[in-house]
Structures are given as C-alpha cells and as structure tokens.
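A short worksheet on the structure shown next.
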Number of protein chains: 2
Amino acid sequence: MKLQQLRYIVEVVNHNLNVSSTAAGLYTSQPGISKQVRMLEDELGVQIFIRSGKHLTSVTSTGKEIIRIARDILSKIESIKSIAAEHTCPDKGSLYVATTYTQARYVLPHIITHFIKKYPQVSLHIHQGSPKQIADSISRGNVNFAIATEAFHLYEDLLMLPCYYWNRSIIVPTKHELATKKNITIEELSKYPLVTYTFGFTGKSELDQAFSNAGVTPHIAFTATDADIIKTYVRLGLGVGIIASMAIDKKLDLDLVQLPTNNIFSNSTTKIGFRRTTFLRSYMYDFIRQFASHLTRDLVNHALSLRSNKEIDVMFQKISLPIK
Amino acid sequence: MKLQQLRYIVEVVNHNLNVSSTAAGLYTSQPGISKQVRMLEDELGVQIFIRSGKHLTSVTSTGKEIIRIARDILSKIESIKSIAAEHTCPDKGSLYVATTYTQARYVLPHIITHFIKKYPQVSLHIHQGSPKQIADSISRGNVNFAIATEAFHLYEDLLMLPCYYWNRSIIVPTKHELATKKNITIEELSKYPLVTYTFGFTGKSELDQAFSNAGVTPHIAFTATDADIIKTYVRLGLGVGIIASMAIDKKLDLDLVQLPTNNIFSNSTTKIGFRRTTFLRSYMYDFIRQFASHLTRDLVNHALSLRSNKEIDVMFQKISLPIK
DNA sequence: AGTCGTTACGATGCCCGTAAGGATA
DNA sequence: TATCCTTACGGGCATCGTAACGACT
C-alpha cells in the first residue's frame with residue numbers, strides 16, 4: 001500500500017469518479033491512476049469502485065470506509081508536514097478559509113488586512129461558496145477553516161467554535177413608506193413583499209422560524225445568496241430587504257434606511273470550524289483569535305479536548321459572545 | 001514522504017534508537033533505514049533524532065510529535081487492511097492479546113479454547129508481560145488488546161472496558177494454625193509474614209490500601225509476579241499467601257486452604273483495552289464478548305463514541321459486572 | 001577492539017507517460 | 001460519435017543490498 005494510491009482513490013472520489021479529470025487535477029497521466037487504483041484493489045483483495053464496463057459508477061460500501069480512513073491518513077500526513085514547518089519557519093505556510101459571501105465581503109476584510117500584514121509569508125486563500133460547498137471543501141481537506149452561519153448539520157464532523165451572535169436588519173429605500181416608522185411588528189412586515197437570502201444561506205432558517213412562530217406567512221418576492229444583490233433589488237423597489245446587520249455599509253448605503261427590528265428575529269451564531277485532526281499552526285490559532293478575540297489558544301485547545309459539539313456549546317454558554 | 005519512512009522512524013524508536021537491530025527486525029539492510037530516515041529529515045527540514053557522532057542518542061521534541069502521528073497513520077493503514085480482510089475472509093486474521101500471568105494462566109484458557117474452535121483461521125497470540133510491557137506493546141501497535149487489572153494510568157490513551165470484579169483469597173497450607181480459623185481480621189493477618197504479588201502486579205495497590213486504611217503495617221516476606229510461585233512458597237511455609245481468587249485451582253490446590261476474607265479487601269476490576277483507532281474485526285468483538293459477556297458489540301461501539309475513560313466508567317456503573 | 005551509523009556503488013524493480021484498444025452513453 | 005477506462009510497452013528513477021569507511025564506547 002502506497003500513500004499515492006490512497007491519494008488517488010480519494011481524489012477520484014473527489015472528482016466524482018472521473019479518473020481523467022482526476023489525472024488532470026493531479027498533473028499526472030490517467031492510466032497511471034487507473035493502474036494504481038487497480039493495484040490497490042488487488043492488494044487488498046476488495047473492490048473499492050464499482051465499474052460498469054469501463055466506467056466507474058459508484059463506490060462500494062467497503063470502499064467508503066476505506067476512503068474515510070484514507071482521508072484521515074492523508075490529513076495526518078499534512079499534520080506531520082505542518083509540525084515540521086512550524087519548527088523551521090513558524091510564520092511561513094498557507095491558510096485556506098471557506099466561507100459565505102457575507103463573511104467574505106463584510107466581516108473578513110479588515111481581519112485579513114491585519115493578518116497578512118502580520119504574516120506576510122503566509123499565503124491566504126478565501127474560498128467563497130454555498131454552505132454545501134464549504135462543507136465539501138473542508139471535509140475533503142481542501143481548506144483549513146470553515147466559517148459558517150447556517151446549516152450546522154453539514155459540519156457535524158468538525159470542531160465548531162462559536163464566534164459571535166448577529167441579527168438581521170430591515171432595509172428600505174429612503175422614500176419607502178416604512179422609512180420613518182419607529183416600531184415595526186412581524187405582522188406588518190408580512191404585508192410587504194420581502195427580499196432576503198436564499199434558503200440555506202446566512203441564517204435563512206431563523207428568519208422562517210420567526211414568521212412561523214408569529215403565525216404569519218411572509219410574501220417572499222425575491223431571494224439571493226448575497227446581501228449586495230438583495231440591496232440592489234431593494235433599491236429598485238422590489239420589496240423590503242432583510243439582511244444581516246453586518247452587511248450594511250454606513251458609508252455606501254446612504255440611500256437605504258435601516259429600521260429597528262425590535263428583536264423580532266432571534267440571534268444567529270457565526271462559528272468557525274475545522275477538522276479535529278488538523279494540526280493547528282500558530283498563525284492559525286492567531287487567525288481564529290483575530291476573528292473572535294475570546295478564542296484564545298488555550299480555549300481552542302480545551303474545546304479540542306471535548307468530544308462533541310454539544311459539549312462545546314455548553315462550554316460556550318458560560319462565555320459571553322460579542323454581538324454584531 | 002513514504003509510508004516506509006514512517007515505519008522506519010517508528011521502529012527505530014521501538015528498538016531504542018538502535019538502527020542495526022531495527023534493520024534485523026524488519027528483515028532489511030541497516031544502511032537502507034539510515035538513508036530513508038535521513039531523507040525524511042531532509043524532506044521535512046527538521047531533525048527527528050539527535051545524533052552524537054554516529055549514534056542516535058535521543059528523539060527531538062519535534063520528532064516525538066511526528067512519531068506519535070506516524071504511529072496513528074500506520075495504525076490506520078492496518079485498519080484499511082483489516083476492513084478489506086473483513087469483507088473478503090471475515091473469519092481469517094490474527095489476534096494479539098497482551099496480559100499478565102494470572103489472566104493467561106487462569107482466566108483465558110477456557111475462553112481461548114472456545115475461541116480457537118470457533119475461529120480456526122484466526123491465529124491467536126498471547127503476550128504475557130508486566131503491566132509496563134503490556135502498555136508498551138499496545139501503544140506500539142504490537143498487540144490488539146490489553147487485559148489488565150492494575151496500573152490503569154499506563155493505559156490512559158486506550159479505551160478501557162470493565163470486564164469483571166474480583167478479589168483476593170488468603171491461602172495457607174492445611175497444617176497452618178490459621179487453617180481452621182473462620183473469621184480473620186486484617187490486624188491478625190498483619191501478624192503473619194505474607195507472600196503476595198510484586199508491586200504493580202495483579203491488584204497489589206488495593207492490597208496495600210487495605211492495610212494502610214486499617215492502620216497496620218504488613219510484613220511482606222516475599223513477593224512474586226505470579227500466583228504459582230506464591231503458592232509454592234506458601235507450601236514451603238514461608239508465610240500466608242494472598243492471591244487473586246481466580247488463581248486457586250480447586251483440583252490441584254488440595255493441599256492449600258482458602259480462608260474467607262470477609263471483604264477486608266475492596267474489589268478490583270479487570271479491564272480489556274484497545275487503541276481507539278483500532279478497526280475491530282468481528283472476531284475481535286466476539287473475543288471481547290466471550291471474555292465479558294455483557295460487552296456486546298453495541299455496547300463496545302457505544303463506549304467508543306464516548307470521549308474519556310471517565311465517561312466509560314460512569315456508563316458501566318449502570319451495568320452490574322460479574323464477580324469472580 | 002567491537003559496535004554502530006554513514007557513504008559509495010551497482011542492480012533490480014517499480015512508477016510514470018505515451019500510444020493503442022474496446023466499451024458505454 | 002465522443003468520452004472514458006484499460007492494456008501494452010519503454011524509459012527513467014528511486015530503493016535496496018553489498019562493501020568499505022569512520023566514529024564512538
């Protein structure tokens with residue numbers, strides 16, 4: 001059994017069982033992968049992939065178990081490299097962060113500015129994507145950190161650390177009839193066409209929950225995955241916008257009015273997560289700390305010593321998180 | 001980085017930094033190992049071993065971390081092989097058990113008899129050794145299971161499952177003046193020279209505890225690591241023997257009298273343990289079950305889902321263990 | 001003086017890449 | 001018909017084993 005063989009089977013799965021595109025992705029030849037995969041299967045005496053003629057159609061149940069462990073192994077190989085790098089050049093390396101639009105556009109910029117100034121030798125990459133894409137990226141080991149506000153069930157294998165609470169703002173154009181309103185209820189809100197996030201993005205489910213709890217059905221006129229598109233359609237008068245408060249830019253959004261929400265929506269939580277097997281470089285601890293100042297190295301390590309995300313949530317109930 | 005390189009550094013550590021004996025153990029040449037170790041160090045850019053001239057004297061702190069992860073990786077490689085074997089020939093494989101004399105001599109025989117009859121294709125190996133040797137064997141990955149009654153602090157990295165409670169018996173030759181005594185107290189016992197286990201073997205610390213709690217100092221005339229030697233010296237009249245009750249053979253020990261201990265010693269627990277990363281073959285689950293019938297496959301899996309051995313102990317407080 | 005790790009060198013064998021073949025959608 | 005995996009073949013390179021060297025106990 002060779003490490004390359006494990007890499008190959010994992011990457012073949014990552015490339016949806018397409019060996020050719022896998023080969024392209026690994027800058028190697030397609031027959032080489034094909035052969036190594038078969039050699040591994042021969043050595044183990046089990047099929048990993050089910051072939052229909054000359055196409056790989058699916059992964060056997062045995063194969064799935066093997067793939068899972070192979071991922072662990074490759075991740076630990078990376079850990080060894082990280083340990084070595086940490087001792088030779090502690091400030092040099094790379095950091096991949098997967099997150100959603102709102103974080104990438106409104107929250108991360110000033111943190112990243114500071115980070116790259118402090119660690120000029122660390123190459124930092126932001127993968128922006130849907131919660132599902134983020135979950136895939138991190139479980140495949142393509143990225144170190146996931147920052148998420150939604151669909152935490154996708155991240156169950158990860159260590160998820162709460163970073164801050166946040167809530168929504170209701171936005172309307174300055175000329176809108178609600179623009180001067182001081183108090184707004186959820187019932188009133190439900191009378192207007194709404195423009196907000198697509199399902200599964202940036203706290204959409206808590207939004208639905210609030211309407212459902214109040215027993216009213218909102219009229220969703222339009223949804224988008226990011227706040228800038230929502231703002232654009234609000235500006236066009238398509239409806240009342242509901243976006244994350246941190247997505248309001250006080251300088252650029254002068255033509256929009258932010259109404260007080262009076263806590264009609266419950267708080268959402270933004271969390272940062274990583275695989276438990278990840279070896280955390282010191283600059284990674286620092287990144288976490290810069291993103292959420294209460295997440296000290298010791299606190300992160302303590303969370304790592306806990307088994308489940310439930311225990312972690314309990315632990316963080318004792319710590320007051322900032323509200324954005 | 002190659003798997004062989006990881007195997008080499010781990011085995012070099014296992015062989016007390018002696019590359020020559022490592023080479024012999026791996027049936028390969030000594031320069032080959034030497035070179036691969038150096039190549040790995042060059043690739044990682046860190047020293048793993050500290051050399052004084054041409055001798056390896058110790059492992060660097062970085063090296064220790066790397067060794068630990070390398071062991072994990074190699075263990076997972078074995079898991080993959082096990083998964084494959086489980087699907088091709090579920091009843092074929094090997095099982096290594098490390099344990100102390102008392103288990104190997106008095107408890108395991110009838111279990112093993114049954115096991116090898118049920119799984120003739122599984123090659124079963126018993127490593128008998130001191131608690132320290134057992135702990136080394138399992139942490140090095142030489143054995144699958146450790147069965148232990150003592151010094152559980154040595155096994156902290158393992159999943160330890162309680163199997164049964166047991167206690168000691170006091171034995172004297174039939175002609176001894178205590179032979180007809182019905183009730184014996186710990187104070188009386190302390191007046192006689194005692195023959196019992198060496199420190200660190202088969203529940204010696206609970207024994208000391210009992211004397212210490214009673215405020216008396218026992219006179220230990222002789223200690224040995226196994227019950228048969230203790231019996232021999234009891235037969236010679238060297239003193240009163242205190243051994244594990246299961247080490248009394250009703251047929252062979254007719255010349256010895258077993259006195260009622262009246263609960264003057266507290267119960268000890270025998271546990272079976274394995275590394276959490278071990279992939280458990282179905283015959284391994286079955287072995288555990290045969291050793292401790294309450295340890296069903298589901299219960300073992302549930303214990304595996306718990307984080308710490310403390311949680312496991314709590315879990316087993318709800319389950320009544322047999323007493324031997 | 002003996003044990004032990006490093007260096008040098010030659011051969012085997014494995015892995016990779018190109019090219020051709022056959023099956024599926 | 002186009003895509004895709006498999007088989008076949010040849011070149012390059014890494015690994016391994018033998019042998020000689022140098023260092024420490």
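Just so it is clear: chains get the letters A, B, ... in the order the sequence lines come, proteins before strands, and each one is counted from 1.
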Between [atom2] of [N] and [atom1] of [X], the distance in whole Å:
X: A/Leu26; N: C/dG17; atom1: CG; atom2: P; value: 10 Å
X: B/Asp42; N: D/dT15; atom1: CG; atom2: P; value: 12 Å
X: B/Ile33; N: C/dC4; atom1: CD1; atom2: P; value: 14 Å
X: B/Asn18; N: D/dT25; atom1: CG; atom2: P; value: 14 Å
X: B/Lys2; N: C/dC15; atom1: NZ; atom2: P; value: 10 Å
X: A/Tyr27; N: C/dG17; atom1: OH; atom2: P; value: 14 Å
X: A/Met39; N: C/dC14; atom1: CE; atom2: C1'; value: 8 Å
X: B/Phe49; N: C/dG5; atom1: CZ; atom2: P; value: 11 Å

- Message: Go nucleotide by nucleotide along DNA chain C from the 5' end; which of A/Tyr8 and A/His55 gets its closest nucleotide reached first?
- Response: A/Tyr8

- Specify the residue among B/Val19 and A/Gln5 whose closest nucleotide of DNA chain C lies further upstream toward the 5′ end.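 Its nearest nucleotide being more 5', the pick is B/Val19.
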
- Are B/Phe49 and B/Val59 side-chain neighbours, meaning at least one heavy-atom pair lies under 4.5 Å?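 Yes. Closest side-chain heavy atoms under 4.5 Å.
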
Base, sugar-phosphate, or nothing for [X], non-hydrogen atoms under 4.0 angstrom?
X: A/Leu17; answer: sugar-phosphate
X: A/Ser20; answer: sugar-phosphate
X: B/Gln30; answer: base

- Query: Under a 4.0 Å N-O cut-off, is there an ion pair linking A/Asp226 with A/Arg105?
  - Reply: no

- Should the pair B/Lys81-B/Glu78 be classified as a salt bridge under the 4.0 Å nitrogen-to-oxygen rule?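 So B/Lys81 pairs with B/Glu78 through a salt bridge.
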
- Cationic tip of A/Lys271 above A/Phe152 ring, under 6.0 Å, 45° of axis: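 Flagged: A/Lys271 positioned over aromatic ring of A/Phe152.
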
- 5′-ward residue of the pair B/Lys35/B/Pro31 relative to DNA chain D: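 That would be B/Lys35.
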
Counting side-chain heavy atoms from CB outward, which of [options] is closest to [X]?
X: B/Arg38; options: C/dG5, D/dT7, C/dT7; answer: C/dT7
X: A/Lys54; options: C/dT7, C/dG21, C/dC16; answer: C/dG21
X: B/Ser29; options: D/dG17, C/dC16, D/dC5; answer: D/dG17

- Task: Ignoring backbone atoms, establish whether A/Ser52 has a side-chain N or O less than 4.0 Å from OP1 or OP2 of C/dA25.
- Result: yes

- Hey, which of B/Asn144, B/Leu159, B/Val143, B/Val97 is the one that makes side chain to side chain contact (heavy atoms under 4.5 Å, CB included) with B/Phe274?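 Exactly one option meets the side chain to side chain contact (heavy atoms under 4.5 Å, CB included) with B/Phe274, and it is B/Leu159.
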
